[in-house]
Participant: 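This is the structure I have questions about; it appears just below.
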Amino acid sequence: MTSLDWNLVGVVGGKQVRHPLGGGVHLVGRADDATLKLAEPSVSRRHAEIIVEGAGVRVRDLGSHNGTKLNAAAVDGNPVPVRPGDVLEFAHVSFRVEAGRAGSATDMGLTMLNESHSLVPSAELSWDEFRTGHGSKQDKRSQLFRVLAEAGDLLTAVRTPAELFDPILDLVEAALGPERTFLMLRESAGDEPQVVAARVPGERSTDSLALSRTMMDQVLSEKKSFLTSDPLNDPGGGMMSMISLGIRSAIAVPLFDNEEVIGLLYADDTRAGKRFERDELAACTMLANVIAVALTRARLHALEEEKRRQDAELQAAGDILDGIIPAELPACPGYEAFARIQPCFEVGGDLYDAHLMADGRYVFLVGDVSGKGMGAALLVSHILSVARFMIEEGWEPLAMIHRLNREIFRITDFLRFATLFVGYLTPATGRIEYVNAGHNPPLVLRRDGRVDTCPATGMPVGVLDEAVYRSGELVLEPGDMISLFSDGIPETQRIDDEDEFGDERFQEFLLGQRNGELEGVFGRIQEELAAYREDAPVGDDITLLLLRRAAVEESPA
């Protein structure tokens, strides 16, 4: 038996077809150069190869989307032998391998395969008729119906928008058989649609897409489908761009997801005798609706996945910051110390820290990084890591701030910076040497009711490479308390009200609390701010660090 005796018999497009297998390699797929061209959406462009050598036949898959099977077993990229009577499946298209010569008494030319591979009677369509599309109008309508049925698969699988592009172009190609197909999407309502995927033959170019404004307005604004089979005499006008490109027929339909038009599908053809018809326009319009719903679902799913990913990252960042920022401040002999942060979001941009140095000095700091989220969290982590290293190495406040400024400037852009207050307390004397890098001036509440401040001694760190800073000094007497805070406290606002909680109101609050238990002070300021903003959301992180020197008990007279 020679290689010419091999045939594939199956059903394509509702009709039985017979494909003779001559010697050599037969490409199976939707590509124009395919030997066995299958215009079915489920079939890949270069789906599989059938290799005929002498009296032997082998088949191998070419990495198709929906796979190749031999007698229901999956075929990979390694060629496997094929024998008479075997059933080959290319995606959803099945063929039986026959060994009789075409037209002989032993062939099965009057039968076709259904999905379960049983044999049922059928009329026969020649392979040439199928490939050139010279079937009846009823055949074309059947093909359009099958394409619409296939489109339902777009709604069942969870995919990203980009993963839908090729299947969408496959469906349009199966429905219309156009020369060029373009999928165009809007980023948001009102935007001009941009080409996100295209199917164009080698001799034509995606650069030659020139849609008339008349057609674009009709499709996008009026949600109307567009069909022209004679641009030169189209009564709507505005077709000169198509005429100049030699386009003989074109279809454009809105991608309407039942709420808005998210883009359009466009197909055209320059071949003589090629004319899109109204049945094709109607089918393409319905197809576009399914595609639009599928794309919108995919977009929403992608957004949900991105939000879940970001939430997980923020939760991880929050857990890391919880481990970096101390829950309790180290003890300082003769002083009470307390600090807390109430973050605005999952991850805040405020920070605080405190350390007892080897020489007995107590270093404390509070800062506020610009921005929120992961970027702010990373900068908080970096500032604390560098600051702790320098404190442990015995750096003095001015040198530490200068180094931090250069480091933050080096690793960030001009939008990232941090305000920072650093104080070095000598416990025995109450003397504090500090540097205030653009932070809210801390309030020093004196035992006698006076209030002092620690104004800025330089700009925020990270703004300029060679910023100038100076140090300041104050003394905490017995019974005095210093309060370091972030701007989330004084800048708390109500809804539709430009008035803020303000420094004066906060100062009055602290004066009333200066002798109270420190942890309770933070809880009460949270209550005060919540009552002030009423229904307004928390607009910024709230941070408070309190350091109070123990009062000297007076001796009895």
Side-chain angles (χ1 to χ4, degrees), residues 65 151-168 183-197 254-264 288-325 340-351 368-384 411-413 415-418 486-488 491-493 495-496 526 529-530 533 535-543:
H65 289 300
D153 292 342
L154 298 179
L155 299 174
T156 58
V158 177
R159 297 181 243 187
T160 64
E163 290 173 333
L164 291 174
F165 293 163
D166 269 345
I168 288 170
L183 175 64
M184 306 176 69
L185 296 180
R186 286 169 156 171
E187 283 293 325
S188 57
D191 292 345
E192 283 290 308
Q194 303 297 318
V195 175
V196 296
L255 292 171
F256 180 59
D257 66 0
N258 299 326
E259 291 188 5
E260 62 177 340
V261 177
I262 64 171
L264 62 87
N289 181 228
V290 175
I291 289 170
V293 172
L295 284 170
T296 296
R297 285 185 57 196
R299 282 176 165 180
L300 292 174
H301 178 73
L303 289 174
E304 290 170 359
E305 286 295 307
E306 178 64 17
K307 184 178 184 304
R308 279 193 284 270
R309 184 189 66 78
Q310 290 180 352
D311 287 347
E313 289 183 352
L314 289 175
Q315 181 61 50
D319 293 342
I320 291 172
L321 286 184
D322 286 343
I324 293 175
I325 297 176
R340 282 289 185 276
I341 292 178
Q342 178 190 343
C344 175
F345 301 115
E346 291 87 345
V347 178
D350 283 7
L351 61 99
D368 185 359
V369 169
S370 61
K372 297 290 182 290
M374 285 295 296
L378 289 171
L379 193 51
V380 166
S381 175
H382 190 68
I383 289 173
L384 288 175
I411 66 172
T412 62
D413 58 28
L415 295 176
R416 291 287 184 188
F417 57 88
S486 64
D487 56 11
E491 293 180 4
T492 293
Q493 287 182 287
I495 294 178
D496 300 327
Q526 287 179 298
L529 295 175
R533 66 174 174 267
D535 295 330
V538 177
D540 201 354
D541 303 332
I542 295 171
T543 300

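All residue numbers refer to positions in the sequence shown, counting from 1.
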Participant: How many angstroms lie between CD1 in Ile325 and CD1 in Ile341, if you round to the nearest 0.5 Å?
Facilitator: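 Going from CD1 on Ile325 over to CD1 on Ile341, the span is 4.0 Å.
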Participant: Under 3.5 Å, side chain of Thr543 to main-chain N/O of Leu351, donor-acceptor pair present?
Facilitator: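 No, Thr543 side chain to Leu351 backbone: no donor-acceptor pair under 3.5 Å.
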Participant: Do other residues, nucleotides or ligands put more than 12 heavy atoms under 6.0 Å from Glu187 CD?
Facilitator: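 Atom CD in Glu187 is not packed in, count stays at 12 or less.
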Participant: Would you say the side chain of Val261 lies within less than 4.5 Å of the side chain of Arg186, judging by non-hydrogen atoms?
Facilitator: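 SC-SC contact between Arg186 and Val261 confirmed.
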Participant: Search all heavy atoms of Ala197 against all heavy atoms of Phe165 and return the closest pair with its distance.
Facilitator: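 Looks like CB-CB, 3.8 Å.
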Participant: Any salt bridge between Glu306 and Arg309, counting N to O under 4.0 Å?
Facilitator: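 Here Glu306 pairs with Arg309 in a salt bridge, since their nearest N and O are under 4.0 Å apart.
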Participant: Distance from Leu295 atom CG to Ile262 atom CD1, nearest 0.5 Å?
Facilitator: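 So the CG of Leu295 and the CD1 of Ile262 are separated by 5.0 Å.
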Participant: Considering non-hydrogen atoms only, spot the tightest contact between Ala376 and Ser370 and give its length.
Facilitator: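 Of all heavy-atom pairs spanning Ala376 and Ser370, the closest is CB-O, 4.2 Å.
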Participant: Between atom OG of Ser381 and atom CD1 of Ile324, what is the distance when rounded to the nearest 0.5 Å?
Facilitator: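 Reported to 0.5 Å precision, the distance equals 3.5 Å.
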Participant: Around Glu304, counting heavy atoms of other residues, nucleotides and ligands shown, do more than 12 lie under 6.0 Å from its CD?
Facilitator: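 Yes, because the 6.0 Å sphere around CD of Glu304 holds more than 12 heavy atoms from other groups.
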Participant: Nearest 0.5 Å, what's the CD-CG distance between Gln194 and Leu183?
Facilitator: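 The CD atom of Gln194 sits 12.0 Å away from the CG atom of Leu183.
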Participant: Going by heavy atoms in the side chains, are Arg159 and Pro167 under 4.5 Å from each other?
Facilitator: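 They are in side-chain contact.
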Participant: Any side-chain heavy-atom pair from Asp350 and Gln342 closer than 4.5 angstrom?
Facilitator: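 No. Closest side-chain heavy atoms not under 4.5 Å.
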Participant: Nearest 0.5 angstrom please: Ile411 CD1 to His382 NE2, how far?
Facilitator: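 Atom-to-atom, Ile411:CD1 and His382:NE2 are 3.5 Å apart.
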Participant: Enter the distance from Asp191:CG to Leu185:CG here, rounded to the nearest 0.5 Å.
Facilitator: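 Reported value, rounded in 0.5 Å steps: 11.5 Å.
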Participant: Return yes if some donor-acceptor pair links the side-chain N/O of Asp413 with the main-chain N/O of Arg416 below 3.5 Å, else return no.
Facilitator: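 It does hold such a pair.
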Participant: Where do Ala536 and Gln493 come nearest, in terms of heavy atoms and distance?
Facilitator: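 Closest pair (atom of Ala536, atom of Gln493, distance): CB-O, 3.6 Å.
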Participant: Can you see which heavy atom on Ala298 is nearest to which on Leu164, and at what distance?
Facilitator: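 Closest approach of Ala298 to Leu164, heavy atoms only: CB-CD1, 3.8 Å.
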Participant: Considering residues, nucleotides and ligands other than His65, do more than 12 of their heavy atoms fall under 6.0 Å from its NE2?
Facilitator: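 No.
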Participant: Output yes when a side-chain donor or acceptor of Ser486 lies under 3.5 Å from a complementary backbone atom of Asp368, and no otherwise.
Facilitator: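 Looks like no, no N/O pair under 3.5 Å.
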Participant: Side-chain contact test, heavy atoms from C-beta onward, threshold under 4.5 Å: evaluate it for Ile291 versus Leu255 and give yes or no.
Facilitator: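 Yes, at least one pair of side-chain atoms sits under 4.5 Å.
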Participant: Start with the C-alpha distance between Arg297 and Asp257, add both sets of side-chain angles, then the distance that settles side-chain contact (heavy atoms from CB on, under 4.5 Å), and finish with yes or no.
Facilitator: CA-CA 9 Å; Arg297 285 185 57 196; Asp257 66 0; over 6 Å; no
